[in-house]
Amino acid sequence: MFDSLTFLFEKVFLFTNLNLFCTISTDGDKNANYFDWSSFTRGDLLEVPRTLFIHFGIYLGDNKVAHLMPDILPALTNDERQIHNVVTNKRLLLGVLSKIASIRIDTVEDFAYGSNIIVNHMDNILQKQQLPNEEIARRAEKLVGATPYSLLWNNCEHFVTYCRYGQPVSLQTDKFCDVLKRIIRDQRSFMLTAILGMISILYLGLAPSTTLPTILIPFTLWMAS
């Protein structure tokens, strides 16, 4: 019991202290440069740190950035003035849950949302040959508009890496999946879910809604570990 509780606290600490969706760090992180927008070049790949993830965009020139943003508002209204306003965290979260997004153009200030901007840092990490800057910007402009959203398979990082390198990849997705696999493979996950399932049965009583998860979830974790 104590071992399972220790495991629970370990995982809570992991998810609250690890930026799950951050770019994988390298020695080059220490040399990452921060710029004001006047030094940006059309086609640059921009990154801004958020609470749980890194947000990406492609600089188009004239203080404009193309970026993929989850947003629930286009599903609720056709008022372009409201939709064009800065996407708040609430709109973003509901967009993620509903898988509604768009590739939109905003000012650098709106894109940054109060954070510092890192320029072309991904070049050092991926070590891929970038496309010509004008081609990068044209790809981004061509994709502007509504798009399906997937946290793991079609996010803002997939958009910018496709535009800049010709291949959509997401290091944030890879890191999240690695963390998830480590949790699943830890046999203490089996014990913890079994204990939580038994507690739910004790409090809620025997029913398909409590008994089946109590059996199936620990069994699945046990077979996967």
Side-chain angles (χ1 to χ4, degrees), residues 21-24 28 32-50 52-75 80-89 91-92 95-96 98-175:
F21 300 102
C22 70
T23 302
I24 297 173
N33 293 318
Y34 294 81
F35 295 82
D36 70 77
W37 71 267
S38 61
S39 64
F40 298 163
T41 300
R42 179 171 161 86
D44 279 345
L45 191 160
L46 309 183
E47 305 177 28
V48 290
R50 298 289 177 88
L52 288 175
F53 58 92
I54 299 292
H55 187 52
F56 297 86
I58 297 293
Y59 185 64
L60 302 179
D62 297 325
N63 196 30
K64 301 296 183 183
V65 181
H67 58 133
L68 191 157
M69 283 290 288
D71 184 10
I72 189 64
L73 204 56
E80 292 295 332
R81 289 178 299 177
Q82 291 187 48
I83 293 172
H84 190 69
N85 289 336
V86 179
V87 178
T88 62
N89 286 331
R91 284 169 58 182
L92 185 149
V96 170
S98 60
K99 298 186 176 182
I100 298 172
S102 64
I103 295 167
R104 50 186 284 154
I105 297 176
D106 286 307
T107 64
V108 171
E109 292 80 8
D110 288 346
F111 165 76
Y113 207 62
S115 298
N116 289 321
I117 298 177
I118 311 173
V119 182
N120 298 333
H121 185 213
M122 187 73 76
D123 292 353
N124 299 326
I125 299 174
L126 289 181
Q127 296 182 344
K128 290 180 177 291
Q129 180 64 44
Q130 70 173 76
L131 297 170
N133 273 42
E134 185 59 30
E135 173 66 16
I136 295 168
R138 287 178 179 175
R139 280 180 173 232
E141 291 168 337
K142 186 177 180 180
L143 293 172
V144 168
T147 183
Y149 183 79
S150 169
L151 190 63
L152 298 182
W153 315 122
N154 188 38
N155 60 41
C156 61
E157 191 173 5
H158 290 105
F159 164 65
V160 298
T161 51
Y162 168 75
C163 292
R164 189 166 179 84
Y165 310 110
Q167 180 181 3
V169 296
S170 174
L171 299 179
Q172 299 181 105
T173 294
D174 294 343
K175 186 171 184 179

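Sequence positions, counted from 1, serve as the residue numbers for this chain. Below, each value reflects all heavy atoms present in this structure, side chains not excepted, and no hydrogens, waters or symmetry copies.
A salt bridge is defined here as a Lys NZ or Arg NE, NH1 or NH2 lying under 4.0 Å from an Asp or Glu carboxylate O, and Arg104 with Asp106 meets this definition. Under 4.0 Å is where a charged nitrogen must lie from a carboxylate oxygen, and between Lys64 and Glu141 no such pair does.
Counting only heavy atoms from C-beta outward, the side chains of Val65 and Leu60 never approach each other to under 4.5 Å. Side-chain contact between Arg42 and Ile136: absent, with no pair of heavy atoms (C-beta onward) separated by less than 4.5 Å.
Although no hydrogens or angles enter the test, the distance criterion places a donor-acceptor pair under 3.5 Å between the side chain of Asn155 and the main chain of Leu151. Remark: the backbone N or O of Val169 is paired with a side-chain donor or acceptor of Thr161 at under 3.5 angstrom.
Counted within 6.0 Å of CD on Glu134, heavy atoms from surrounding residues, nucleotides or ligands total more than 12; the atom is thus considered enclosed. Other residues, nucleotides and ligands place no more than 12 heavy atoms under 6.0 Å from the CZ atom of Arg138.
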Steps toward side chain to side chain contact (heavy atoms under 4.5 Å, CB included) verdict (Met122, Leu171): CA-CA 10 Å; Met122 187 73 76; Leu171 299 179; 3.9 Å; yes
Worked check of side chain to side chain contact (heavy atoms under 4.5 Å, CB included) between Tyr162 and Leu143: CA-CA 11 Å; Tyr162 168 75; Leu143 293 172; 3.8 Å; yes
Evaluation steps, side chain to side chain contact (heavy atoms under 4.5 Å, CB included), between Glu109 and Asn63: CA-CA 8 Å; Glu109 292 80 8; Asn63 196 30; 3.1 Å; yes
Residues Ile117, Glu47; criterion side chain to side chain contact (heavy atoms under 4.5 Å, CB included); working and verdict: CA-CA 6 Å; Ile117 298 177; Glu47 305 177 28; over 6 Å; no
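Listed here is the closest heavy atom pair of Asn116 and Pro49: O-CD, 3.4 Å. Residue Asp44 comes nearest to Thr41 through the heavy atom pair OD2-N, 2.7 Å, listed as atom of the first residue, atom of the second, then distance.
Paired with Leu46 under the rule side chain to side chain contact (heavy atoms under 4.5 Å, CB included), one option of Ile58, Val160, Asn120, Val119 passes, and it is Val119. Paired with Met69 under the rule side chain to side chain contact (heavy atoms under 4.5 Å, CB included), one option of Ile100, Ile103, Val87 passes, and it is Val87.
Aromatic ring centroids of Phe111 and His55 lie under 6.0 Å apart.
Counted by atom type alone, Asp123 and Tyr165 present one or more donor-acceptor pairs between their side chains at under 3.5 Å.
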